Number of protein chains: 2
Amino acid sequence: MSNVELPLGYLFSGHHSGVKTDETSPDYSIFASEVDALCVGVFTQNLVCAAPVEWCRDHTPHVTCRAIVVNSGNANACTGQQGRQDVVAMVSAVADELKIDNEQVLVMSTGIIGVHLEMDKLGPAAHTGCIQLDSTPAAFLAAAQGILTTDKSEKIVHRCIETSQGVVRLTAVAKGAGMIGPNMATMLACVLTDAELGIEDAQRMLTVSANESFNCISVEGHTSTNDTLLLMANGKANGTVLAGGDLQTFADELTSALIELAKMIPADGEGATHLMEISVSGAAGDSDARKVADSVGASNLVKTCVAGADPNWGRIVSAAGYAGVDFDLKDLQLELNGFLLFRNEMPIKFDDTEVSNSMQNTFVTNIDLVLGQGTGRATIWSSDLTCEYVKFNSDYHT
Amino acid sequence: MSNVELPLGYLFSGHHSGVKTDETSPDYSIFASEVDALCVGVFTQNLVCAAPVEWCRDHTPHVTCRAIVVNSGNANACTGQQGRQDVVAMVSAVADELKIDNEQVLVMSTGIIGVHLEMDKLGPAAHTGCIQLDSTPAAFLAAAQGILTTDKSEKIVHRCIETSQGVVRLTAVAKGAGMIGPNMATMLACVLTDAELGIEDAQRMLTVSANESFNCISVEGHTSTNDTLLLMANGKANGTVLAGGDLQTFADELTSALIELAKMIPADGEGATHLMEISVSGAAGDSDARKVADSVGASNLVKTCVAGADPNWGRIVSAAGYAGVDFDLKDLQLELNGFLLFRNEMPIKFDDTEVSNSMQNTFVTNIDLVLGQGTGRATIWSSDLTCEYVKFNSDYHT
């Protein structure tokens, strides 16, 4: 963290409020801007969405946003009218401390579904969290930790972006290791920048970047009730609205940063021992390529053979075959970690041990399918399926 | 088996040919009719289909069918031109023994994908298999066992059906415990009857029954390359073509028999400790109900909490929410094993231990969702996801 330049004009805090039982785990974070900031969001497409998602949908895009408050340990999802009241209480506790309006505070929650928030803990948490707000890397790290649930570590990326108006900074944090599926595929993510952005540019860029990053990852394909990605831009770098080539540079860096961040999620997937990178090319169109990649990435039979470092390519080919995409098996080609395993409808002789070793010894398993139909392509990232995933998720709630 | 009346005019055999390494496991079965029989089929919708599936597609409906030969241990899938030649060799070995035409023999294979058949073993197997053909229950049982792979036991159902022309008999066998997903969702199944059926009636009935049975089950949603359901009808009961009420009675019994058989597959799912029966009602239409049931049944997060006897209803509700079906959360109601867990958007207080015990102590876990939109309904059957499934499938191939 010491070499990193955080975006200007932001304050952070993360501490333990008591929602999580582990007293050493921060579970309450605030990301605040010293000045009014633009804020745009992208949200879960699950019909069953949590109360904080409803609040954020209703309050973005927003041009005078000042704070994002996040609690972990409880998702405030499927909690009905009481859940909506708790959101207002959570927001107003922070607004009162910061002497701003409720509408200037956005909120995210993550954790167990269907349990009401313990407001007796979250009220005092707002006071402590606001007192602790600071611009130091340590404060930022605490905030990044306070949003985690089953994640093994915090997920952070930084960018310093050169523009014709000088440098602007971008920092993004995310949490997520389970209940991860496409259609806004992380639980929570928050992008902070000191660039000045036009509201329509910001919303468009965030939507595009989400589609190329968080919407391309999966742990078990279970789209959560709480998926939220927010971007705050406070213009503290120089106050000039980015446009033209500068805007394009920023957009490219935003996408690159969010892909880097998104890949950390399946890499940290519950019990995961491999990150699967599935690339499909030669499809009739990009959406066909995506369907094939999704079908392979979602197959438990593929995920288990990756976990077992088993080059069982028949499972991959057959998962491509039921994706609902038309291709000619004669044109299908499969490479696994660069080894050619299938071409011309035929099993290719290969050294089982050599390929298995390559799977065993690398964290990323590359699955490359070529369909031979056109120029459509897609890449997605998924995690393998291990016994630890099953154990963890068999005994999470009770 | 002793009380069962097998359909008249059929002969069976099952023995160990050497394709499977376990010498005690039968791996080669023949189901033969003493007279020419009608045969119709329903097949995998996977674009990547095995060579024996291609043969059966090309040779059904067939009115002078005499035998179905099945090998387990090797699926003859993704084996290219050599695989097609091996099918012809496998078929002609049986045809030569029985002194019939190649076209009168249908063939199924199941097991590992992408490995060529050992024809040096399957040639002699035809000789042994044909010599052993017999009409006894013991011969039938051996044939039912010879088609199994990872199944824990044989899967058989019988029906004696009263018609105005007298009794007709129906016996069906299936195999399947993994690589099971909708769209012709068993690996292999074979229905034998001594009824006389019209060819169009037979095809229509089999398609309808498959949709209501095998296409409603899932282990991990991975549609196999080899799924094949064949029905042979040899008319040996009385030789009168079923029609009118008799035909309807037969159709109903066929569907009931295939549902009974199909449910045995997820019940025997690799590593499964629970059969999940997911019923959705009150959808706008049956297809909407089916989408919601599929989404819940395919969710690893739901499957693991069933394995752990954990009434983590939030996962079920959220899986319904991302099914791509429109409903109002306010109208959604969830019962688990008859306990009401969610209604009116709100968590309902229930006794965790009592519900968990009901899951722990019963093999079938009933998940009932009511959407409150219309009269659409669907029921599917799935298996839970356990550590044993992962272990098994991490180390199957190598």
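None of the values given here were measured: they were computed from a predicted structure. In what follows, chains are A, B, ... by sequence order, proteins preceding strands, each numbered from 1. Any value given below was found using the heavy atoms of this structure, including those in side chains, with hydrogens, waters and symmetry copies removed.
When each of B:Ala319, B:Ala320, B:Ala307 is checked for heavy-atom pairs under 4.5 Å with chain A, B:Ala319 comes out on top. Per-residue heavy-atom pair counts under 4.5 Å with chain A were compared for B:Thr386, B:Thr225, B:Thr353, and the maximum is reached by B:Thr386. Interface remark: of the candidates B:Cys49, B:Gly321, B:Gly324, B:Ala323, B:Gly321 forms the most heavy-atom pairs closer than 4.5 Å to chain A. Of the listed residues B:Arg84, B:Lys303, B:Gln82, the one with more heavy-atom pairs under 4.5 angstrom with chain A than any other is B:Arg84.
Remark: side-chain polar atoms of A:Asn393 are not paired, donor with acceptor, to backbone N or O of B:Cys305 under 3.5 angstrom.
In summary, of the residues considered (B:Val219, B:Asn300, B:Val390), a side-chain contact (heavy atoms from CB on, under 4.5 Å) with A:Asn300 occurs for B:Asn300 alone.
In this structure, the portion of A:Phe342 lying under 4.5 Å from any heavy atom of chain B is its side chain and not its backbone. For A:Val325, the part sitting under 4.5 Å from any heavy atom of chain B is the backbone (N, CA, C, O) and nothing else. Residue contact with chain A, scored on non-hydrogen atoms closer than 4.5 Å, is absent for B:Asn344.
Using a 4.5 Å heavy-atom threshold, the side chains of B:Tyr322 and A:His222 count as touching. A:Tyr389 places a side-chain heavy atom less than 4.5 Å from the side chain of B:Thr304.
Rounded to the nearest 0.5 Å, atoms CD (A:Glu345) and OG1 (B:Thr79) are 8.5 Å apart. Taken to the nearest 0.5 Å, the CE atom of A:Met346 stands 8.5 Å off from the CD atom of B:Gln81. Here the CG atom belonging to B:Leu329 is positioned 6.0 Å from the SG atom belonging to A:Cys78, to the nearest 0.5 angstrom. The CG atom of B:Leu47 lies 11.5 Å from the OG atom of A:Ser318; values are rounded to the nearest 0.5 Å. For the atom pair B:Ser394 OG and A:Asp384 CG, the distance stands at 8.5 Å (nearest 0.5 Å).
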